[in-house]
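Below you'll find the structure, written out as structure tokens, and then a few comments.
Computed from a prediction, not measured in an experiment: that's the story for all the values here.
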Amino acid sequence: MRGGRLVSKQRILVLGAGRMAEAIFAGLLRTQREYIEEIVVANRSDKSRLHELQEQYGVTVTTDWREHVRSADTVLLAMPPQNHRDVLRELAPHLQGQLVVTVAAGIGIGLLEDLLPARTPVAWVMPNTAAGIGESISLYTCGQHVGPEQRDVLQMILAGIGEAAECTEQQVHDLTAITGSAPAFLYAFAEELEAAAQSYGVTPATARKLVAQMIYGSAAMLRAGSDPAELRDGVTTPGGATAAGLRVMEERGFSDMMQDAVRATNARARYMANE
């Protein structure tokens, strides 16, 4: 937001009613309500879901988004990547310069600019599931026709769900696995630590508390600016117990496994976007 203020209150049309769509408009209503005129949430088939969102958040809901496009200032695409091409083609005739933002993996700016009218301002945002508690780290990139006012709107949307970093389009593609999908890698790691803790006789609740606080504290040290290699060395005494555990991870190819997981995630995201 330029100077901390928007040019005008926003009417935002959200195409999609899943968890990420909910996280984004809930964050807006929680932290940026003064800048919101109306939020319209569209879903073609799940009317019970729309009713639930309307009751909980007071948003306008519809099964036919076309009637709301012309009155919208911003259109947020929050549907699966494989649905984008058809929706973009349907959306194009209704646009009159609105900002169009997608939060789908693998889509990119190029597809939006190719299928929407010339000079349409577009942006690609890659949040993660921590958006639901306002703690996402979102990557974003803007198309060539995004002006200062549209950037204000985009910053407002991002501020509602956490922190953000502007990247090139290629970097958003490449870093999707790091910020978007890696939470699942971390949760898998947490599951195994909880299982190990329970194998030594502690209750599931105690195992959850131990692992969650360990991850929270470790993340806080990283966020404070400490280097992960230095933090690791600070825990590890040569020839000691931690060193023995790290040696098993190294022998099992932990580094290669992580890099392969990143590459596989990015490749799959691109494939889904091109289906």
Side-chain angles (χ1 to χ4, degrees), residues 16 18-21 23-24 27 76-82 84 101-112 122-143 154-155 157-193 211-212 214-235 246 249-250 252-275:
R19 285 177 293 181
M20 186 54 69
I24 292 171
L76 178 68
L77 307 179
M79 79 283 287
Q82 57 267 33
H84 269 56
V101 181
T102 181
V103 295
I107 291 299
I109 293 297
L111 180 66
L112 301 180
V122 300
W124 180 26
V125 174
M126 276 307 304
N128 62 34
T129 54
I133 58 169
E135 293 291 349
S136 177
I137 176 63
S138 302
L139 308 178
Y140 72 97
T141 189
C142 295
L154 186 60
Q155 290 301 319
I157 293 171
L158 293 166
I161 56 175
E163 299 188 19
E166 185 169 9
C167 302
T168 66
E169 180 174 355
Q170 186 58 50
Q171 286 170 334
V172 179
H173 279 295
D174 294 338
L175 296 173
T176 291
I178 306 300
T179 60
S181 298
F185 307 163
L186 179 63
Y187 300 144
F189 176 66
E191 281 184 285
E192 294 304 320
L193 290 180
V211 174
M214 179 278 296
I215 292 173
Y216 180 84
S218 302
M221 295 181 76
L222 282 171
R223 190 171 184 178
S226 300
D227 179 83
E230 292 179 359
L231 290 172
R232 182 198 61 209
D233 290 344
V235 182
L246 287 171
M249 295 173 71
E250 181 179 356
R252 300 290 177 88
F254 179 77
S255 178
D256 289 342
M257 178 192 70
M258 289 304 302
Q259 298 306 318
D260 287 347
V262 167
R263 286 189 286 268
T265 299
N266 288 339
R268 179 61 180 170
R270 288 213 172 193
Y271 176 81
M272 290 173 64
N274 290 322
E275 279 186 316

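Across A123 and L112, no two heavy atoms sit closer than the pair O-CD1, 3.8 Å. Across every non-hydrogen atom of I215 and A190, the tightest pair is CD1-CB, 3.9 Å. Contact detail for C142 and I109: the closest heavy-atom pair is C-CD1, 4.1 Å. Across all non-hydrogen atoms, the minimal contact from T141 to C167 is OG1-O, 3.1 Å. Closest approach of E169 to G110, counting heavy atoms only: OE2-N, 3.4 Å. Residues P81 and I107 come closest through the heavy atom pair O-CD1, 3.7 Å.
Here the side chains of P127 and V103 are in contact, with some heavy-atom distance below 4.5 Å. By the 4.5 Å heavy-atom criterion applied to side chains, N128 and S136 are counted as neighbours.
The distance from atom CE of M126 to atom CD1 of I137, rounded to the nearest 0.5 Å, is 12.0 Å. Rounding to the nearest 0.5 angstrom, the gap separating the CG atom in L139 from the CD1 atom in I178 is 9.5 Å. Note that OG1 of T129 and CD of E135 are 12.0 Å apart. Values are rounded to the nearest 0.5 Å. Of the inter-residue distances, the one linking T176 atom OG1 with R268 atom CZ reads 14.0 Å to the nearest 0.5 angstrom. In this structure, CG in L76 is found 7.5 Å from OG1 in T102, a value given to the nearest 0.5 Å. Note that CD1 of I161 and CD1 of I133 are 12.0 Å apart. Values are rounded to the nearest 0.5 Å.
Evaluation of the ring-ring contact (aromatic ring centres under 6.0 Å, His included) rule for H173 yields W124 as partners, not counting sequence neighbours. Listed by chain and residue number, nothing satisfies the side-chain hydrogen bond (donor to acceptor under 3.5 Å, both in side chains) test with D233 (two or more places apart in sequence, or in another chain). Taking the side-chain contact (heavy atoms from CB on, under 4.5 Å) definition, one finds that M258 meets it with F185, F254, sequence neighbours left out. Q170 pairs by the side-chain hydrogen bond (donor to acceptor under 3.5 Å, both in side chains) definition with D174, R270, not counting sequence neighbours. R19 is linked by a side-chain hydrogen bond (donor to acceptor under 3.5 Å, both in side chains) to nothing, counting only residues two or more places apart in sequence or in another chain. By the side-chain hydrogen bond (donor to acceptor under 3.5 Å, both in side chains) test, T168 is found to be paired with Q171, residues two or more places apart in sequence or in another chain being considered.
Atom CE of M257 sits in a crowded spot, with more than 12 heavy atoms from other residues, nucleotides or ligands closer than 6.0 Å.
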| request: Applying side-chain contact (heavy atoms from CB on, under 4.5 Å), run through I157 and Y140 and close with a yes or a no. | output: CA-CA 11 Å; I157 293 171; Y140 72 97; over 6 Å; no
| task | Tell me, with the steps shown, if V125 and L154 meet side-chain contact (heavy atoms from CB on, under 4.5 Å). | result | CA-CA 9 Å; V125 174; L154 186 60; 3.8 Å; yes
